[in-house]
Amino acid sequence: MVSELVTNVVAHSRSVDVSLSPAFDGVALTVEVRDSGTWRSRRSVRHGVEAAVTGGLGLELVRHSSSWWLAFPSPSGTRVVAGPAVEPAAG
């Protein structure tokens, strides 16, 4: 999940920086990725084999590897916050 979020910054935002901030509050892990680039939404949705070969699956992978995620685009960059999908420890 983190790899995909950072890859999206590098590949799509034209940002000169990216920051990663994990946080654990004793119950849940949260990951925040920030950049100072420009949000560019995709004009078309990719499907099928072509998408798998040419890319375009990043946010789908984030969706499947997180319990939730939110994107906050702004004129000064984008902040994405996500909660990785983790199983509780057996106890």
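Bear in mind the structure is a predicted one, so any value in this text is a computation, not a measurement.
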Participant: In terms of hydrophobic clusters joined by side-chain contacts under 4.5 Å, are Leu5 and Trp69 together?
Facilitator: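 Looking at the clustering, Trp69 is in the same group as Leu5.
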
Participant: CZ of Arg34 to CZ of Phe72: how many Å apart, nearest 0.5 Å?
Facilitator: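 Going from CZ on Arg34 over to CZ on Phe72, the span is 9.5 Å.
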
Participant: Do the non-hydrogen side-chain atoms of Leu61 and Arg63 ever get within less than 4.5 Å of each other?
Facilitator: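 The answer is no; the side chains never approach within 4.5 Å.
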
Participant: Restricting to non-hydrogen atoms, name the atom on Asp17 and the atom on Val9 that form the minimum distance, rounded to 0.1 Å.
Facilitator: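 Taking every non-hydrogen atom into account, O-CG1, 4.0 Å.
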
Participant: Calculate, to the nearest 0.5 Å, the distance between atoms CG and OG1 belonging to Asp25 and Thr30 respectively.
Facilitator: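 Output value for this atom pair is 6.5 Å.
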
Participant: Are the side chain of Ser15 and the backbone of Ser36 linked by a donor-acceptor contact shorter than 3.5 Å?
Facilitator: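 Checked: pair present.
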
Participant: For the residue pair Leu70 and Val80, establish whether any side-chain heavy-atom pair is separated by less than 4.5 Å.
Facilitator: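 Result no, sub-4.5 Å side-chain heavy-atom pair not found.
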
Participant: Going through the distances and angles, do Val18 and Val33 end up as a side chain to side chain contact (heavy atoms under 4.5 Å, CB included)?
Facilitator: CA-CA 7 Å; Val18 60; Val33 176; 3.8 Å; yes

Participant: Looking only at heavy atoms, which two atoms of Ser67 and Pro84 are closest? And how far apart?
Facilitator: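 Smallest heavy-atom distance, with atoms named: OG-O, 3.8 Å.
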
Participant: Would you compute the distance between atom CG of Leu20 and atom CG of Asp35 and round it to the nearest 0.5 angstrom?
Facilitator: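 Result: 12.5 Å between the selected atoms.
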
Participant: So do Arg14 and Thr38 actually touch side chain to side chain, heavy atoms under 4.5 Å?
Facilitator: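 The answer is no, as the side chains (C-beta and beyond) never meet within the 4.5 Å cut-off.
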
Participant: Is there a path from Met1 to Val6 through hydrophobic residues (I, L, V, M, F, W, Y) whose side chains come within less than 4.5 Å of each other?
Facilitator: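 They do share one cluster, since a chain of ILVMFWY contacts under 4.5 Å joins Met1 to Val6.
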
Participant: Identify the two heavy atoms, one from Val62 and one from Glu4, that lie closest to each other, and give their separation to 0.1 Å.
Facilitator: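 Closest heavy-atom pair between Val62 and Glu4: CG2-CB, 3.8 Å.
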
